[in-house]
J.: 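Dropping a structure here in structure tokens format, bear with me for questions.
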Amino acid sequence: MGSRAIDLLHALVRRSGIVVSKDELIRAAWPNVFVGESNLKINIAALPRGRSVRGWPRMRR
């Protein structure tokens, strides 16, 4: 998982229980940079789904 995906995860965790817009997520991961929504989609897809991430406990379904 790359640093942008971690930035996105951090933004989502900070706002747990609240809907976070695409624009907010893009600003969180790419401040002061213009990127398309495809970058967001790729990095959201890279978030862990049930597998262990450095030092994090394994998530169960």
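Quantities reported herein were computed from a predicted structural model and do not represent experimental measurements. In what follows, every heavy atom counts, from backbone to side chain, and hydrogens, waters and symmetry copies are set aside.
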J.: Please say yes or no: joined through hydrophobic side-chain contacts below 4.5 Å, possibly via intermediate residues, are Val35 and Leu40 part of one cluster?
T.: yes
J.: Might you point out which heavy atoms bring Val20 and Arg15 nearest each other, and give the distance in Å?
T.: CG2-CB, 3.6 Å
J.: To check you understand the geometry: which heavy-atom pair defines the closest contact between Asn43 and Leu8, and what is its length?
T.: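 Heavy atoms only, the tightest pair is CB-CD1, 3.5 Å.
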J.: Counting only pairs under 3.5 Å, give me each side-chain donor-acceptor contact of residues 26-33, with atom names and distances, residues two or more places apart or in other chains.
T.:
none

J.: Counting only heavy atoms not in Glu24, do more than 12 fall under 6.0 Å of its CD?
T.: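 Yes, because the 6.0 Å sphere around CD of Glu24 holds more than 12 heavy atoms from other groups.
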J.: Using the rule that Ile, Leu, Val, Met, Phe, Trp and Tyr join whenever any side-chain heavy atoms are under 4.5 Å apart, tell me whether Ile44 and Val13 fall into a single cluster.
T.: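 Result: yes, single cluster for both.
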J.: From Asn39 CG over to Arg4 CZ, what is the distance, rounded to the nearest 0.5 angstrom?
T.: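 Asn39 CG to Arg4 CZ: 9.0 Å, rounded to 0.5 Å.
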J.: Taking the side chain as every heavy atom from C-beta outward, state whether Leu47 and Leu12 have any pair of such atoms under 4.5 Å apart.
T.: yes
